[in-house]
Structures are given as C-alpha cells and as structure tokens.
Amino acid sequence: MAIKRSSSQQKSERLPRQKGKRKPTEVKAKSPNSEENILVSTEIVEDLENNNEDKIRPHRLVDYIGQKDLKAVLQIAIAAAQQRQEQLDHILLYGPPGLGKTTMSLILASEMGVNCKITAAPALERPRDIIGLLVNLKPKDILFIDEIHRLNRITEELLYPAMEDGRLDVTIGKGQAAKIRTIPLAPFTLMGATTKIGSLTSPLRDRFGLIQRLQFYYVDELTEIILRSASILKLEIEQEGAEEIARRSRGTPRIANRLLRRVRDYAQVKQQTVITQPLAGEALDIHNVDARGLDWTDRLVLSTMIDQFQGGPVGLEAIAAATGEDKKTIEEVYEPYLLQIGFINRTTRGRVVTDKAYEHLKTVDS
Ligand code: ADE
C-alpha cells in the first residue's frame, strides 16, 4: 500500500477517553509562575524559549482546559494542603508525552505560592546533582523530575528517605572510613512524570501519595485550547478553523499549539488575516498531517504492517526493523495514538491493524 499525504477531511470526532540523553547542566529560566526560581535542564529551557511555550501555557488551574478528573483530584489536594499549611503530597503523573505534565507542575506551584524546580532524570547523573537540588528547596517547594523512570539506582535510593522522612543520607568517604551523614531537608513535594509507569521500581512508585494518569484530549477541548492560544498570539481564527487543527492534533495540546504555529506561518505567507477551516486544512496538508492527525511515519507503520505482515499479528521488533524506526519511538510516540483511535489492536500474539485503519488509509491513498 502506497503512503500518500491527504487533504481529505473527516467529520469531527471526539477521542474516546482512555483509561538521547539530556545535557546534565542546569540553568535558571524565567517563568511567570515563580519568577526566576524554575531550575530546568537545558532541553526544557529550549522548549520553553524556542516555542514560546511559556507564553501560552496556562498558569492557573481555572485556565487549564481538559483533564477534568485530574483537576478535581488536584483541587482537593491543594485545598487540603493549604488548610493544613503543609506541602502537597508527592505526585506521580503518567501518560503519553505532550499532555501537560510539566504545565501542571508549574500550575500547582502557582496555586500553592511556591517555587517549582524542573529537571529530568537523565540530568541527575551524579549524587551531587540530586543532593544540590534537594538541599536548596524551600519549605513546600515542588521538585519536578521528568522521565523519572530513568533515574539511576544511587539517585533513586537517595530519594527514598528524602521523600519519606525529609532527610538525605549521604555517604562521606570510602571503604572502612565511610560515614553516613544525615542532612535534614525542608518539607517538599516531589512531582514525577513518566510516559512509562511500568518501568518505575515499586519502592519509588509506592512513595507517591497521588498517582494520576493524563488522558488524551477530546477534540472539543483541543479546539478550546487552540482558540485560547490564538487569542494570546493575537491571531484571528474561526471556530471551524480551530476544529480542523484540533482534529489533526492527536489528542495532544503540544501538537495542537505546534500546528497552530504552522497554520499561522501559512496564513501570513498567503496574506490571509483569518484562519478558516480550508486554510487550516491546506496548511496542514503540506506538512503531511492528515485528517486524523497521522503523519508520514504513522502511515508507514500501518502500511508496513499491512504490506509485509498481512495486517498482523506482528511484534514491535519486527515493525521497527521493517520501518527502520526506533522501537522505543514506535512504542512511546506512535503506537499510543494509533491504539487510542482504534487503528491498531494489541493482542497476545502482536499488533493487528483494524478495519478502521484500512478505511482511513483508503481515504488518503490514491
Ligand atoms: N496549553 C497547553 N495545554 C493547555 C491546557 N490543558 N489548557 C489550556 N491551555 C493549554
């Protein structure tokens, strides 16, 4: 089956609700949430700055669209912690990338009136990396660790007493002369984020008081997010234009905002002042994003499964080898959305392409 970009448009559909190493250096970044106290790995700074992400991020819970259940849980946690004048319990957020885990940690810090230090597990290479972060926390501060499933064993073990008893047990010296020194810490909240909750060790997982999953967003929620972002970016957009972008955003706000910027570029170059549905469709067609948000690689995965494996069942390794894509990327980036929209199923014998996917590919194939 040939892979071809598509300009076909589909009826608006709500998504069903679903149940390389980073640079170790850390730098300070400005953020409206907590002045300059957000400590982030360089990659996140780049993300915040290059994409102007910070400008369109919601800063308060009331401005955060979607994730109703998560917001309800966090609202109670915030109110309870504030009434007791305590820090929030440790929170673990999991789910596919781009759904707003970092944004939520910044919002929680705003709501609690505390600082949020942001880092990622690959940046915490040496014991002194995590020790430096922990000892500098002020009472009730939030420490956000992205990709927490990638912590090394020593760092993870330093976190256990820190999370449980607010202390660090640091070994000083080596061999016979080694001594353990205990450093008391300010009461803090650890926010862990992961796309792979199954890869967390149970001792670490069990130390989180709240474990919450972020869901893919509904098309109407993404539409609202796009309208909000467009207004912040001072773009004129019609409701149908926003819906067109939302349908192609794979249930993911980060993608929705990225596509909005591509449509903005297109409108600017074509000297159009209003983003309409046809304009949004044209703009995204040239980026190979089809009516369901599938890109070239999604369609390659599906067509490879069909052409080389008769639609499955086929194992992840075989799909990766046949497409030349990284196995992890397929598993963590492409597969969750294809499963979510029911284009593939997972069986005990492997992945299978569904009738729905065949129907969709017909609309994008000549
Ligand atoms: N921008 C990105 N994610 C958002 C959300 N959940 N609500 C509002 N704006 C957003």
Side-chain angles (χ1 to χ4, degrees), residues 14-18 29-34 38 40 43-75 77-78 91-112 116 118 142 144 146 191 193-195 210 212-237 239 241-264 275 280 284 289 293 333 336-337 340:
R14 281 166 76 90
L15 287 164
R17 271 206 207 279
Q18 235 193 2
K30 275 199 221 114
S31 160
N33 291 76
S34 42
I38 298 180
V40 292
E43 196 161 301
I44 294 171
V45 179
E46 280 159 20
D47 197 36
L48 292 173
E49 287 172 356
N50 292 350
N51 296 326
N52 244 331
E53 198 62 46
D54 215 21
K55 209 162 118 191
I56 54 178
R57 258 176 217 273
H59 296 131
R60 303 306 295 232
L61 212 49
V62 288
D63 299 321
Y64 190 97
I65 297 155
Q67 308 294 344
K68 202 165 130 263
D69 296 346
L70 171 68
K71 276 196 295 187
V73 165
L74 294 178
Q75 244 149 6
I78 293 165
I91 301 170
L92 179 64
L93 297 180
Y94 70 100
L99 299 189
K101 300 181 207 79
T102 313
T103 302
M104 193 49 97
S105 76
L106 293 168
I107 287 178
L108 289 184
S110 278
E111 296 289 344
M112 292 293 293
C116 183
I118 300 182
I142 295 176
F144 178 85
D146 203 6
M191 263 190 97
T194 180
T195 50
L210 284 160
Q212 293 289 310
R213 174 181 184 147
L214 276 90
Q215 311 282 354
F216 280 115
Y217 289 65
Y218 282 55
V219 168
D220 58 353
E221 292 167 345
L222 289 172
T223 303
E224 220 184 307
I225 290 173
I226 291 162
L227 291 171
R228 179 181 177 276
S229 303
S231 130
I232 295 168
L233 296 171
K234 301 197 173 24
L235 299 175
E236 221 181 305
I237 185 166
Q239 173 78 20
E243 283 167 7
E244 187 60 44
I245 301 173
R247 274 194 295 276
R248 299 183 185 218
S249 299
R250 312 168 70 92
T252 307
R254 185 186 291 159
I255 297 179
N257 285 326
R258 190 169 76 214
L259 296 184
L260 175 64
R261 289 193 191 90
R262 299 296 67 80
V263 174
R264 172 177 66 173
I275 298 172
L284 297 179
V289 176
V333 180
Y337 182 66
Q340 170 73 25

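Just so you know, these numbers come straight off a predicted model, no measurement behind them. Ligands are counted one by one from 1 in listed order, and the atoms in each one are counted from 1 as well.
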For [X], take its heavy atoms, then give the atoms of ligand 1 lying under 4.0 Å from any of them.
X      : value
Asn257 : 1 (N), 2 (C)
Tyr64  : 6 (N), 7 (N)
Asp63  : 7 (N), 8 (C)

**Q.** Shortest protein heavy-atom distance from atom 3 (N) of ligand 1, along with the residue and atom involved
**A.** Pro253 CB, 3.4 Å
Q.
Return the closest protein heavy atom for atom 10 (C) of ligand 1 as residue, atom name and distance.
A. Pro58 CD, 3.5 Å
Please work out whether any backbone atom (N, CA, C, O) or any side-chain heavy atom from C-beta onward of [X] is under 4.0 Å from ligand 1, and answer side chain, backbone, both or neither.
X      : result
Thr103 : neither
Arg228 : side chain
Ile65  : both

Q) Within a strict 4.5 Å, meaning less than it, do heavy atoms of the Val263 and Ile237 side chains meet? A) no
Q. When you measure from the side chain of Ser229 to the backbone N and O of Ile225, does any donor-acceptor pair fall under 3.5 Å?
A. yes
Q) Lys101 side chain to Leu214 main-chain N or O, any donor-acceptor pair under 3.5 Å? A) no
Q: Identify, with sequence neighbours excluded, every residue that meets side chain to side chain donor-acceptor pair (under 3.5 Å) alongside Gln75.
A: none
Q: Using the test side chain to side chain donor-acceptor pair (under 3.5 Å), find all partners of Tyr64 that sit at least two apart in sequence or belong to another chain.
A: Tyr217
Q.
Salt bridge check, Arg228 against Glu224: does any charged N sit closer than 4.0 Å to a carboxylate O?
A. no
